[in-house]
Number of protein chains: 2
Amino acid sequence: MQQRRPNPERAEATRSALLAAARTLFVEKGYADTSTPEIVAAAKVTRGALYHHYADKADLFRAVIEREAKAVADEIEASASPDAPPGEALLRGSLAYLEAMSVPGRTRLLLVDGPAVLGPGALAALDEAHAARTLREGLEAALRPPRQEGAFIEALTALLSAAFDRAALAIEAGGDRAAYTAAMIGLVERVTASR
Amino acid sequence: MQQRRPNPERAEATRSALLAAARTLFVEKGYADTSTPEIVAAAKVTRGALYHHYADKADLFRAVIEREAKAVADEIEASASPDAPPGEALLRGSLAYLEAMSVPGRTRLLLVDGPAVLGPGALAALDEAHAARTLREGLEAALRPPRQEGAFIEALTALLSAAFDRAALAIEAGGDRAAYTAAMIGLVERVTASR
DNA sequence: CAAATAACATACAGGCTGTATGTATGCAAC
DNA sequence: GTTGCATACATACAGCCTGTATGTTATTTG
């Protein structure tokens with residue numbers, strides 16, 4: 001498919017400029033208060049270009065979100081040590097998640113505006129595909145041999161993931177980073193403790 | 001204050017109609033996709049009435065949210081048994097929260113659109129004033145004598161609260177209610193277990 | 001009963017979204 | 001090399017929505 005590709009670099013540059021401008025404005029003013037005229041002005045293109053590459057404003061937002069979620073997943077994966085014991089790997093991944101989410105704007109994009117604009121289902125799917133998978137696999141490994149059924153582990157994963165999200169939000173909002181980190185580690189340890 | 005109150009019943013009826021219509025539409029279509037003409041048509045008033053009683057669309061939304069948060073808090077408090085041991089009181093409160101949040105539309109209002117429209121800070125404040133207070137007090141009681149400092153307990157409260165929220169969302173989205181309830185109870189038990 | 005004010009109703013201005021239409025440029029085949 | 005077509009935009013337009021400004025009615029108070 002797609003043998004003919006006229007001027008692909010220019011198109012890619014346009015998309016890139018739109019994504020960068022949109023990300024900045026969405027973070028600064030939120031999705032609802034950011035207009036497409038503002039975005040294209042910041043990206044130095046026209047609205048025609050925007051609507052040529054993206055179906056609508058929400059589609060552009062989705063592209064921004066996907067990029068961001070992938071960046072988070074990549075950073076987590078980059079900081080993973082492949083041959084660490086399950087318990088420690090899980091802990092390291094948790095800290096890496098908090099670190100990745102402390103990049104300015106990420107909590108607003110991924111945790112506040114994202115669910116409202118794309119629906120919580122879409123975000124959960126993205127999460128599962130990227131960041132949360134690491135968490136679930138870590139939990140499964142740490143809880144092996146499985147003393148619980150699959151649905152329980154899945155639920156536990158979701159709950160812990162939500163706790164991590166809240167920690168990231170609280171820290172970005174100026175909360176006590178050390179306290180939230182400690183509480184998070186405490187949660188993970190208590191959950192994985194071979195009772 | 002407020003000695004003169006011309007036609008207060010009529011005004012109250014108007015507000016009530018607006019709140020009811022707005023709640024229904026916000027739940028069905030979300031805040032962004034609900035227009036004020038739609039709301040006033042459903043409430044059988046005019047836009048003039050809306051902007052007379054509320055500063056703007058977001059202010060009406062805030063009123064809906066506050067009503068809903070108060071309802072949740074009331075339901076939790078109603079199901080509390082005052083003289084139960086701390087551990088059991090906490091568990092009961094947790095289940096009551098899940099039950100209260102299963103009223104249709106509540107998760108979308110309080111957990112999805114609310115944070116995006118009002119900002120996560122405003123919602124957290126509302127939470128702390130109503131539902132989360134019960135949780136924090138329960139945790140403090142269950143963890144007494146305090147083996148941890150205040151900031152840690154506060155953080156732990158926030159994390160657990162987020163886990164509860166996610167459980168409510170997952171259940172409303174069609175998740176395995178039993179699994180999520182069990183996982184939530186497991187979390188609370190492990191956290192309050194005298195290590 | 002007169003004045004003031006609440007409780008609306010109506011009209012309007014500005015901005016934003018999405019679409020429809022127009023234009024230029026590269027690639028490809030002939 | 002030019003004819004044809006698709007990509008990559010640019011421009012113009014229609015409709016809707018929000019918030020405000022202004023007008024009207026009906027109480028309540030002095």
Side-chain angles (χ1 to χ4, degrees), chain A residues 1-65 113 116-119, chain B residues 1-65 113 116-119:
Chain A
M1 314 298 149
Q2 182 179 336
Q3 291 106 314
R4 262 193 281 90
R5 24 173 222 144
N7 239 12
E9 309 129 24
R10 181 166 173 75
E12 184 53 42
T14 299
R15 269 188 296 252
S16 184
L18 280 170
L19 286 177
R23 205 213 102 109
T24 300
L25 288 167
F26 286 155
V27 168
E28 275 175 10
K29 320 175 40 174
Y31 175 82
D33 289 349
T34 300
S35 68
T36 54
E38 277 177 299
I39 295 171
V40 299
K44 288 175 183 165
V45 300
T46 64
R47 274 168 38 87
L50 194 166
Y51 280 89
H52 175 70
H53 287 289
Y54 301 98
D56 52 19
K57 188 184 158 189
D59 190 38
L60 171 60
F61 181 75
R62 158 172 290 145
V64 170
I65 291 296
D113 282 1
V117 175
L118 306 178
Chain B
M1 316 292 150
Q2 184 178 335
Q3 291 105 310
R4 263 194 276 91
R5 26 174 221 142
N7 241 13
E9 308 128 25
R10 181 167 173 76
E12 184 54 42
T14 299
R15 269 188 295 253
S16 183
L18 279 170
L19 287 176
R23 204 212 103 109
T24 300
L25 288 167
F26 287 155
V27 167
E28 275 175 11
K29 322 176 41 177
Y31 174 82
D33 289 349
T34 300
S35 68
T36 53
E38 276 177 299
I39 296 172
V40 299
K44 287 174 185 165
V45 300
T46 65
R47 272 167 39 84
L50 194 166
Y51 281 89
H52 176 70
H53 287 289
Y54 301 98
D56 52 20
K57 189 184 159 190
D59 189 39
L60 171 60
F61 181 74
R62 159 170 292 145
V64 171
I65 291 296
D113 282 1
V117 175
L118 306 178

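All chains are named by letter (A, B, ...) in the order of the sequence lines, taking the proteins before the strands, and each is independently numbered beginning at 1. No experiment lies behind these values; they were computed from the predicted model shown.
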K.L.:
Ring pair (Phe, Tyr, Trp, His ring centres under 6.0 Å) with F61(B): which residues, sequence neighbours excluded?
P.N.:
F26(B), Y31(B)

K.L.:
With sequence neighbours excluded, tell me which residues meet ring pair (Phe, Tyr, Trp, His ring centres under 6.0 Å) with Y54(B).
P.N.:
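Expected list: none.
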
K.L.:
Calculate the interatomic distance between H52(B) atom NE2 and dT20(D) atom P; express it in whole Å.
P.N.:
15 Å

K.L.:
Starting at CD of E12(B) and ending at P of dA7(C), how long is that distance when rounded to a whole Å?
P.N.:
10 Å

K.L.:
Rounding to an integer number of Å, can you tell me how far E9(B) CD sits from dA6(C) P?
P.N.:
17 Å

K.L.:
Can you measure Y54(B) atom OH to dT20(D) atom P for me and round it to whole angstrom units?
P.N.:
17 Å

K.L.:
Sequence neighbours excluded, which residues qualify as side chain to side chain donor-acceptor pair (under 3.5 Å) partners of E28(B)?
P.N.:
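Testing E28(B) for side chain to side chain donor-acceptor pair (under 3.5 Å), a comparison that skips the adjacent residues, returns none.
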
K.L.:
With a 4.5 Å limit on heavy-atom distance, are the side chains of L18(A) and I39(A) in contact?
P.N.:
yes

K.L.:
If you only use heavy atoms from C-beta on, which nucleotide in dC9(D), dA7(C), dA9(C) is closest to the side chain of A49(A)?
P.N.:
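Among the listed nucleotides, the one closest to the side chain of A49(A) is dC9(D).
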
K.L.:
Would you call L19(B) and L60(B) a side-chain contact if the rule is heavy atoms closer than 4.5 Å?
P.N.:
yes

K.L.:
Tell me: CG of D59(B) to C1' of dG19(D), nearest whole Å?
P.N.:
13 Å

K.L.:
Indicate yes or no: at least one non-hydrogen side-chain atom of T46(A) is less than 4.5 angstrom from one of V40(A).
P.N.:
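Side chain of T46(A) against side chain of V40(A), heavy atoms only: no contact under 4.5 Å found.
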
K.L.:
For T14(B) and G48(A), take the nucleotide of DNA chain C holding the closest heavy atom to each; which residue's nucleotide lies nearer the 5' end?
P.N.:
T14(B)

K.L.:
Which parts of residues 17-25 of chain A get close to DNA chain D, meaning a heavy atom less than 4.0 angstrom away?
P.N.:
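Of all residues in residues 17-25 of chain A, none places a heavy atom under 4.0 Å from DNA chain D.
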
K.L.:
Can you name the nearest heavy-atom pair linking D56(A) to D59(A), along with the distance?
P.N.:
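Shortest heavy-atom contact: OD1-N, 2.9 Å.
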
K.L.:
N/O contacts under 3.5 Å, protein versus nucleotides 16-18 of chain C?
P.N.:
{"residue": "dT17(C)", "atom": "OP1", "partner": "T36(A)", "partner atom": "N", "Å": "3.3"}
{"residue": "dT17(C)", "atom": "OP2", "partner": "T36(A)", "partner atom": "N", "Å": "3.1"}
{"residue": "dT17(C)", "atom": "OP2", "partner": "T36(A)", "partner atom": "OG1", "Å": "2.5"}
{"residue": "dG18(C)", "atom": "OP2", "partner": "Y51(A)", "partner atom": "OH", "Å": "2.5"}
{"residue": "dG18(C)", "atom": "OP2", "partner": "K57(A)", "partner atom": "N", "Å": "3.4"}
{"residue": "dG18(C)", "atom": "N7", "partner": "R47(A)", "partner atom": "NH2", "Å": "2.5"}
{"residue": "dG18(C)", "atom": "O6", "partner": "R47(A)", "partner atom": "NH2", "Å": "2.8"}

K.L.:
Considering only residues two or more places apart or on different chains, which pairs with a residue in residues 40-49 of chain A satisfy salt bridge (Lys or Arg N to Asp or Glu O under 4.0 Å)?
P.N.:
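Listed once each, the pairs would be none.
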
K.L.:
Taking S16(B) for its side chain and E12(B) for its backbone only, find out whether a donor-acceptor pair lies under 3.5 Å.
P.N.:
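No, because the side chain of S16(B) does not come within donor-acceptor range (under 3.5 Å) of the backbone of E12(B).
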
K.L.:
To the nearest Å, how far apart are I39(B) CD1 and dC8(C) C1'?
P.N.:
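Going from I39(B) (CD1) to dC8(C) (C1'), I get 17 Å.
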
